[in-house]
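Input: a single structure, listed below in structure tokens.
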Amino acid sequence: MLNRIPWLRRLLPPSPTLNTGRLLRDVLEQLPPTSHAVLDLGCGERRLQGAVRCDIVIAPPGIRADAARLPFKSRTFDLVLVTAVLEHVPHPSRVVREIHRILRPGGLLYVEVPFLEGFHDDPDDFQRFTFRGLDILLRRFEITRREVCAGPNSALNWILREYPGAWFRSRNLALLAKFVAGWITAPIKYLDYLMASRPGAVRIAAGIGVIARRRRDG
């Protein structure tokens, strides 16, 4: 309800997730969109100067398309960004197949996906991922770097803000409980500045990311 009234959006609790990752910044420094062909697939409201924006629902400028059937020629892009997208598609392998097609040999793919995050249907939510799962999904690529981009405290924050609402049968009471919990628990995620890079963080991380290279002979 608050989302529908612009000035009331300021009352919404902050995101439960804190992204402490470095890979996205690093890959954009390596292949800046102002001088390379970069596709921001499933970009949402993000606007990277020079990048081609593409999403299933998008405000101009941008290209509206299904990620499993992209309207681009083969071997078009140097870099494809896919952040918080693959959990929202029913068949991630089809999307990855299309990305492989439109990437130039040697081109890079940045993927960011959730592991222990709550259900978020935007517009739907189908799956979660581990590094081992990404190894299989991206088997036609060479994964060169990997990281925990949203750590255990972000995962804990998701649970703590959703937990109170789960007690109520009334939708309105559940939303109110989640609203209050969202504000009370918000500071917890900032502990990920200290914890996300610890070795054990991967076992209970909220989100993970990888950089993968399209093989030149694949």
Side-chain angles (χ1 to χ4, degrees), residues 14-15 17-89 92 94-115 117 122 129 131 134-135 137-151 154 189 192-193 196-197 202 205-218:
S15 167
T17 302
L18 175 67
N19 193 316
T20 59
R22 299 179 180 179
L23 293 188
L24 177 59
R25 180 190 62 194
D26 289 351
V27 78
L28 286 172
E29 289 178 354
Q30 181 180 349
L31 297 173
T34 52
S35 56
H36 294 81
V38 176
L39 174 64
D40 194 357
L41 183 59
C43 58
E45 297 181 359
R46 182 168 61 192
R47 296 172 185 266
L48 298 174
Q49 184 180 0
V52 177
R53 302 175 67 243
C54 182
D55 210 328
I56 193 73
V57 177
I58 191 169
I63 297 171
R64 181 178 179 181
D66 182 342
R69 299 181 64 184
L70 294 171
F72 305 110
K73 294 180 179 179
S74 298
R75 304 188 176 193
T76 296
F77 294 99
D78 301 306
L79 169 63
V80 177
L81 308 175
V82 187
T83 60
V85 172
L86 295 181
E87 71 269 29
H88 298 298
V89 298
R94 297 179 185 176
V95 176
V96 170
R97 190 182 307 126
E98 272 293 88
I99 292 170
H100 186 274
R101 180 183 67 80
I102 64 174
L103 263 179
R104 293 169 180 161
L108 296 182
L109 166 64
Y110 173 75
V111 174
E112 189 176 298
V113 287
F115 175 38
E117 284 190 0
D122 185 22
F129 299 86
F131 281 133
L134 288 180
D135 287 338
L137 183 64
L138 303 178
R139 57 188 174 275
R140 297 182 69 187
F141 296 78
E142 177 191 1
I143 296 179
T144 59
R145 296 177 65 187
R146 59 186 75 206
E147 71 174 1
V148 168
C149 56
S154 293
K189 66 183 179 181
D192 278 337
Y193 280 123
S197 60
V202 66
I208 57 176
V210 302
I211 295 175
R213 184 184 305 277
R214 178 183 165 170
R215 302 180 193 276
R216 295 185 181 277
D217 57 351

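Given the structure is predicted, the values throughout are model-derived calculations rather than measurements. Computed over heavy atoms, backbone and side chain alike; hydrogens, waters and symmetry mates excluded.
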How far apart are the C-alpha atoms of Tyr193 and Leu18, what are their side-chain angles, what is the distance that settles it, and do they pass the side chain to side chain contact (heavy atoms under 4.5 Å, CB included) test? CA-CA 9 Å; Tyr193 280 123; Leu18 175 67; 3.6 Å; yes
Side chain to side chain contact (heavy atoms under 4.5 Å, CB included) between Leu24 and Asn19: does it pass, once the steps are laid out? CA-CA 10 Å; Leu24 177 59; Asn19 193 316; over 6 Å; no
Could you walk me through whether Val95 and Leu41 pass the side chain to side chain contact (heavy atoms under 4.5 Å, CB included) test, one step at a time? CA-CA 10 Å; Val95 176; Leu41 183 59; 4.2 Å; yes
Asp135 and Arg146: CA distance, side-chain angles, deciding distance, salt bridge (charged side-chain N to carboxylate O under 4.0 Å, His left out) verdict: CA-CA 11 Å; Asp135 287 338; Arg146 59 186 75 206; 3.0 Å; yes
Worked check of side chain to side chain contact (heavy atoms under 4.5 Å, CB included) between Ile63 and Phe72: CA-CA 10 Å; Ile63 297 171; Phe72 305 110; 3.6 Å; yes
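Note that CG of Leu81 is 6.0 Å distant from CZ of Arg46, once rounded to the nearest 0.5 Å. The structure places CZ of Arg97 at 12.5 Å from CZ of Arg69, a figure rounded to the nearest 0.5 Å. Distance check, rounded to the nearest 0.5 Å: CD of Glu142 to CZ of Arg216 gives 10.5 Å. Interatomic distance, Leu48 CG to Leu79 CG, rounded to the nearest 0.5 Å: 9.5 Å. To the nearest 0.5 Å, the span separating CZ on Phe129 from CG on Leu137 amounts to 6.0 Å. Atom SG of Cys149 sits about 8.0 Å away from atom CG of Leu23, to the nearest 0.5 Å.
The environment of Arg101 atom CZ is dense: over 12 non-hydrogen atoms of other residues, nucleotides or ligands sit within 6.0 angstrom. At most 12 non-hydrogen atoms from other residues, nucleotides or ligands lie less than 6.0 angstrom from CD of Gln49.
With hydrogens and angles ignored, the 3.5 Å screen pairs no side-chain donor or acceptor of Asp40 with any backbone N or O of Arg53. One N or O on the side chain of Thr144 and one on the backbone of Ile211 form a donor-acceptor pair closer than 3.5 Å. For Arg22 (side chain) and Glu147 (main-chain N/O), no donor-acceptor pair under 3.5 Å exists by modelled atom type. Between the side chain of Arg213 and the backbone N or O of Gly106 there is at least one donor-acceptor pair closer than 3.5 Å.
Using a 4.0 Å cut-off between charged side-chain N and carboxylate O, Asp66 and Arg94 make no salt bridge.
Between Leu39 and Thr76 the shortest side-chain heavy-atom distance does not fall below 4.5 Å. Residues Val96 and Phe141 are in side-chain contact: their nearest non-hydrogen atoms beyond the backbone lie under 4.5 Å apart. Side-chain contact check for Val27 versus Arg145: every heavy-atom pair is 4.5 Å or farther apart. Residues Ile56 and His88 fail the side-chain proximity criterion, which asks for heavy atoms closer than 4.5 Å.
With hydrogens and angles left out, the side-chain atoms of Asp192 and Thr20 include no donor and acceptor closer than 3.5 Å.
Nearest approach of Lys189 to Ser154, heavy atoms of both residues: CB-OG, 4.0 Å. Taking each heavy atom of Arg214 and His100 in turn, the nearest pair found is NH1-O, 2.8 Å.
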